[in-house]
Structures are given as C-alpha cells and as structure tokens.
Amino acid sequence: MKKFIILIFIIIFFICVTIFYQFAYKFFKTGNNISKSDDNNILNISSYEAIAEVEYHSNKNVNKYVLSQKYAEPNIFKQEVVEPENMKGITIIFDGTNLQIENTNLNLKNVYKDYSKVNEYSLSLISFIKEYENTNNAEINEIDNEKTIKIKLDNQNKYQAYKKLYINKKTNLPSKMEILDVNENITVYILYREIKINKTSKEQILGK
C-alpha cells in the first residue's frame, strides 16, 4: 500500500511539472513582461562595434545615413558617419569624460570637457541596454527565428516613446532596432549590416 501511494505521488508530480512547462511555454510565446533573470546575452555585453543603416522618418520624407558605431565598457563610445558623402567623416568620440566632435573633411574639431550626457544618445545599442536596465515596462516576444524586446521610454518625447530591438535567435545578435512614437509609428529605423559583440577594446576605439 505504501509503495502504491508513493507511485501515485510520483505520477501526480510529473503531471504537474508537464502542465507547468506547457503553460510557461504558451505564456512566453504570446509575450510577457521580461524577467531580469531571463535576459538575452545581448543585454550583458562589454563592447560592440557595428555598421548600421539609419532612417529618420517624418511626415514629409525619410533621411538615410550609414553609421559606424563602437562601444567599450564602462562608457567609451565612438560614432562616425559613413554615408551620405557630404557628411562622411563627421565623428563623435566620448572617452569617458570628454566629448569630441570632429569633421575630418573640414579639419575641424571641438572638445566638450566633463560631458555627462553620452548615455542619452538614442541611436546606440548601449543606449537601449541602459534604458532597458532602468525600466520596469518591457516585454519580450518570439516569432519564428526572431526575438523582440520592446521597452517604454520614461521621457516626455512623443517621437521617442518606445524602442524595439530585434534579435536573431540563431546568431544571438541584433538585426535591427526601431524607435517609435506615442502611436507606435516608426520614427527611426536602424538596420545592422554588421555587428560584433565583446571583441572591441577601449584602446582600439580611442586609438591608444
């Protein structure tokens, strides 16, 4: 009799576990608030460099750029305009303390000392990560081979109310990012042509 009771208990236990996993899987597939323990690895990077196509959407037109971005922790950042040709070479570099803006074509350079707003630069991947870390309003979804992470921004800018990052599940790398207005229309679209994670040092970025 005792063995029979133990067997019944084991069967009930496995049934409960099976039901739990089926429910969890269904809930995850349909979208849910992100648990911090379920973070994708892309949210815990130490560095990245990317070539990104950027589109600014307005009511009248779409402006397109190609940017080279490089980041290394804790807060080293460099961005250079690759296209269009008339803006090529415009570069911003933040060395952790000072911000440098340079136009290599015109041989111009400005340095802003003790600059503290580099994390506000909304087009960078690291900006998305910092904003994600500081929000409680985020959700994750999976469709086919892609995972999306959507966050609501805590600001008063109606043109930048949400951000949505798309991650390729096979490569575990970002494929694109969208910045959305209050009506969830795209205001900025960023397509990552190339991206490398955790392979860039601050010395490489700063040329030291």
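No experiment lies behind these values; they were computed from the predicted model shown.
When atom types are taken as modelled, the side chain of Asn98 and the backbone of Asp114 share a donor-acceptor pair closer than 3.5 angstrom. Looking only at distances, a side-chain donor or acceptor of Asn157 sits under 3.5 Å from a matching main-chain atom of Tyr159. In this structure a side-chain-to-backbone donor-acceptor pair under 3.5 Å is missing from Asn183 to Asn185.
Two residues are said to be in side-chain contact when any heavy atoms from C-beta on lie closer than 4.5 Å; Leu99 and Ile93 fail this criterion. The shortest distance between side-chain heavy atoms of His57 and Val62 falls below 4.5 Å. Ile151 is not listed as a side-chain neighbour of Asn137, based on a closest heavy-atom distance of 4.5 Å or more. A 4.5 Å side-chain heavy-atom check between Phe128 and Leu43 finds at least one atom pair inside the cut-off. Side-chain contact between Val81 and Leu67 is present, with at least one heavy-atom pair separated by less than 4.5 Å. Counting heavy atoms from C-beta outward, Ile76 and Leu206 have side chains that approach closer than 4.5 Å. Contact of the Glu131 side chain with the Leu153 side chain is registered, since non-hydrogen atoms from C-beta on lie closer than 4.5 Å.
Connection of Leu173 to Ile129 is established within a shared hydrophobic cluster, with ILVMFWY side chains joined at heavy-atom distances below 4.5 Å, either directly or through further cluster members. Cluster membership for Val66 and Val188, using ILVMFWY side-chain heavy atoms within less than 4.5 angstrom, is not shared. The hydrophobic clustering, which links ILVMFWY residues whose side-chain heavy atoms are closer than 4.5 Å, places Leu191 and Leu125 apart. Both Phe77 and Ile195 belong to a single network of hydrophobic side chains, linked directly or stepwise wherever heavy atoms of I, L, V, M, F, W or Y lie under 4.5 Å apart. At a threshold of 4.5 Å between side-chain heavy atoms, the hydrophobic network of Ile, Leu, Val, Met, Phe, Trp and Tyr places Val111 and Phe94 in two separate groups.
The OG1 atom of Thr187 sits 10.0 Å away from atom NZ of Lys163, with the distance rounded to the nearest 0.5 Å. Interatomic distance, CD1 of Ile190 versus CG of Leu123, reported as 4.5 Å (0.5 Å rounding). Within the model, atoms OH of Tyr166 and CG of Asn141 stand 10.0 Å from one another, a figure rounded to the nearest 0.5 Å. A distance of 8.0 Å separates CD1 of Ile92 from OH of Tyr115, quoted to the nearest 0.5 Å. Rounded to the nearest 0.5 angstrom, Glu73 CD and Ser46 OG are separated by 5.0 Å. Distance check: Lys109 NZ to Ile101 CD1 gives 12.5 Å after rounding to the nearest 0.5 Å.
Remark: of the listed residues Glu184, Glu139, Glu178, Glu184 is the sole one forming a side-chain hydrogen bond (donor to acceptor under 3.5 Å, both in side chains) with Lys150. Checking Lys196, Gln69, Lys70 one by one against Tyr48, the side-chain hydrogen bond (donor to acceptor under 3.5 Å, both in side chains) holds for a single residue, Gln69.
Environment of CG in Asn86: crowded, with over 12 heavy atoms of neighbouring residues, nucleotides or ligands closer than 6.0 Å.
Across Ile179 and Ser122, no two heavy atoms sit closer than the pair CD1-O, 3.9 Å. The two residues Asp144 and Lys169 come nearest to each other via the heavy atoms O-NZ, 2.8 Å. The minimum heavy-atom distance linking Ile42 with Pro174 is given by the pair CD1-CD, 3.5 Å.
Between Glu49 and Lys199, none of the side-chain N atoms (NZ, or NE/NH1/NH2) sits under 4.0 Å from a carboxylate O, so this pair counts as no salt bridge.
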